[in-house]
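Atom set for the values below is all heavy atoms of this structure, side chains included, hydrogens, waters and symmetry mates excluded. The structure displayed is predicted, hence computed values, not measured ones.
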Amino acid sequence: MDFPRRSSGSRSRASTAQDTASTLSSSLELSIQTRIFKIIVIGDSNVGKTCLTFRFTGGNFPDKTEATIGVDFREKAVEIEGETIKVQVWDTAGQERFRKSMVEHYYRNVHAVVFVYDVTKMASFRNLQTWIEECNGHRVSASVPRVLVGNKCDLIDQIQVPSNMALKFADSHNMLLFETSAKDPKESQNVDSIFMSLACRLKTQKSLLYRDVDREEGRVELTQQTEGKSNCPC
Ligand SMILES: Nc1nc2c(ncn2[C@@H]2O[C@H](COP(=O)(O)OP(=O)(O)OP(=O)(O)O)[C@@H](O)[C@H]2O)c(=O)[nH]1
């Protein structure tokens, strides 16, 4: 008489274990699907940070922009080697008065940094050193990839920053240089390459899994993957 009950109990335990395994497996899949790379875009006011992030995430150039206050987030899901990754772009304020209270948040858990200058404004190029120092001052690890972007290349007859000078600076800081234009639709692919090159690098090198619990504060590190051979298209 007891046997069927034990048997029934045992089936129930097995099924609970199966349910748990399947829940764990689907939440792990969910975590992998929602892996997020946080990329911050830094530089002087008016260099085109907002326009570059619009071009990458929305594929267009905004008719009108206003000075960013604090931070604006834009996200784009990209597929790399069969994995869907959310590239979360933090468009930061260039004006000191609009960034003061936010700076700590910009750099927290950052995965990659994009430094932007305006090729028609030498001052924005000279100020890069200050932006790099700010970044270093916020304990951003040297292993966090950084790239340099010279924007507004469509204004050909107003260029003040020669390519060789920018290249030398990029090399000395171990950064790739992209010279581009958020405005020129023909440059759209080049703008995409800025963020895609970082996403590819992060996917193969950083290899941390995050759960999309709380975008800003509550990132939960789940596990670490081993580095594999990349066949990343970038
Ligand atoms: N010609 C040209 N103008 C651009 C380009 N990118 C941005 N602009 C213009 O430059 C101005 C500033 O662009 P934003 O993207 O708002 O600059 P920002 O760096 O985000 O400025 P803050 O929010 O103050 O830090 C706007 O008038 C844009 O239309 C570009 O590639 N070419």
For [X] against [Y], the heavy-atom pair lying closest together:
{"X": "Ser181", "Y": "Val191", "value": "O-CG2, 3.8 Å"}
{"X": "Ala67", "Y": "Phe98", "value": "CB-CE1, 4.0 Å"}
{"X": "Ser143", "Y": "Ser141", "value": "OG-OG, 2.7 Å"}
{"X": "Ile80", "Y": "Cys200", "value": "CD1-N, 3.9 Å"}
{"X": "Leu177", "Y": "Ala170", "value": "CB-CB, 4.0 Å"}

Do we get Lys76 above Phe195's six-membered ring, with its NZ or CZ under 6.0 Å from the centre and within 45° of the axis?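 Pair Lys76/Phe195 does not count as cation-pi.
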
Just so I know, are the side chains of [X] and [Y] near enough to count as touching, which here means a heavy-atom distance under 4.5 Å?
{"X": "Ile132", "Y": "Met175", "answer": "yes"}
{"X": "His138", "Y": "Arg108", "answer": "no"}
{"X": "Glu134", "Y": "Arg99", "answer": "yes"}
{"X": "Lys100", "Y": "Met102", "answer": "no"}
{"X": "His111", "Y": "Arg201", "answer": "no"}
{"X": "Leu52", "Y": "Asn151", "answer": "yes"}
{"X": "Phe115", "Y": "Val147", "answer": "no"}
{"X": "Tyr106", "Y": "Glu104", "answer": "no"}

Apply side chain to side chain donor-acceptor pair (under 3.5 Å) to the pair Thr50 and Thr65, showing each step before the final yes or no. CA-CA 8 Å; Thr50 299; Thr65 57; 5.9 Å; no

Do Asp154 and Lys183 sit within salt-bridge range, that is, some charged N less than 4.0 Å from a carboxylate O?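 Between Lys183 and Asp154 there is no salt bridge, as every charged N stays at least 4.0 Å from the carboxylate O atoms.
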
Could you go through Gln160 and Thr120, starting from their C-alpha distance and side-chain angles, then the distance that decides it, and tell me whether this counts as side chain to side chain donor-acceptor pair (under 3.5 Å)? CA-CA 5 Å; Gln160 289 185 358; Thr120 71; over 6 Å; no

What distance do [X] atom [atom1] and [Y] atom [atom2] have between them, rounded to the nearest 0.5 Å?
{"X": "Ile42", "Y": "Asn127", "atom1": "CD1", "atom2": "CG", "result": "13.0 Å"}
{"X": "Glu179", "Y": "Leu148", "atom1": "CD", "atom2": "CG", "result": "8.5 Å"}
{"X": "Thr180", "Y": "Lys186", "atom1": "OG1", "atom2": "NZ", "result": "11.5 Å"}
{"X": "Glu187", "Y": "Asp192", "atom1": "CD", "atom2": "CG", "result": "11.0 Å"}
{"X": "Leu128", "Y": "Cys135", "atom1": "CG", "atom2": "SG", "result": "12.0 Å"}
{"X": "Ile39", "Y": "Leu198", "atom1": "CD1", "atom2": "CG", "result": "5.0 Å"}

Is a donor on one side and an acceptor on the other found under 3.5 Å between the side chain of [X] and the backbone of [Y]?
{"X": "Ser188", "Y": "Asp184", "value": "no"}
{"X": "Arg55", "Y": "Gly59", "value": "yes"}
{"X": "Lys49", "Y": "Tyr117", "value": "no"}

Hey, quick one: are [X] and [Y] part of the same hydrophobic cluster, counting side-chain heavy atoms closer than 4.5 Å, chains of contacts allowed?
{"X": "Val87", "Y": "Phe54", "value": "no"}
{"X": "Val41", "Y": "Ile69", "value": "no"}
{"X": "Leu155", "Y": "Val116", "value": "no"}
{"X": "Phe61", "Y": "Phe56", "value": "no"}
{"X": "Val71", "Y": "Trp131", "value": "yes"}

Qualifying residue, where the test is side chain to side chain contact (heavy atoms under 4.5 Å, CB included) with Ile40 and the options are Val114, Val113, Val140: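 Per the side chain to side chain contact (heavy atoms under 4.5 Å, CB included) rule, the option paired with Ile40 is Val113, out of Val114, Val113, Val140.
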
Stepwise side-chain contact (heavy atoms from CB on, under 4.5 Å) test for Phe73 and Val89: CA-CA 6 Å; Phe73 303 97; Val89 183; over 6 Å; no

Checking Trp90 against Asp72 for the side chain to side chain donor-acceptor pair (under 3.5 Å) test, could you report, in this order, the C-alpha distance in whole Å, the side-chain angles of both residues, the deciding distance, and whether it holds? CA-CA 6 Å; Trp90 287 47; Asp72 280 334; over 6 Å; no

Show your working on side chain to side chain donor-acceptor pair (under 3.5 Å) between Asn136 and Glu133 and close with a plain yes or no. CA-CA 5 Å; Asn136 293 341; Glu133 279 160 21; over 6 Å; no

Validation row, ring centre Phe125 to ring centre Phe169 under 6.0 Å: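 Judged by ring-centre distance (under 6.0 Å), Phe125 and Phe169 do meet the cut-off.
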
Under the side-chain contact (heavy atoms from CB on, under 4.5 Å) rule, what do Arg146 and Asn174 come out as? Steps first, then yes or no, please. CA-CA 8 Å; Arg146 303 165 186 212; Asn174 200 21; over 6 Å; no

Take Lys38 and Glu75 through the salt bridge (Lys or Arg N to Asp or Glu O under 4.0 Å) test and state the conclusion after the steps. CA-CA 9 Å; Lys38 172 181 172 181; Glu75 265 186 5; over 6 Å; no

Take Asp91 and Arg74 through the test salt bridge (Lys or Arg N to Asp or Glu O under 4.0 Å) and record every step on the way to the result. CA-CA 8 Å; Asp91 170 20; Arg74 289 180 196 99; 3.2 Å; yes

Go through the steps to decide whether Lys86 and Arg35 satisfy the test side-chain contact (heavy atoms from CB on, under 4.5 Å), and finish with yes or no. CA-CA 6 Å; Lys86 271 191 205 165; Arg35 191 150 71 137; over 6 Å; no

Worked check of side-chain contact (heavy atoms from CB on, under 4.5 Å) between His173 and Gln129: CA-CA 10 Å; His173 289 86; Gln129 193 56 48; 3.5 Å; yes

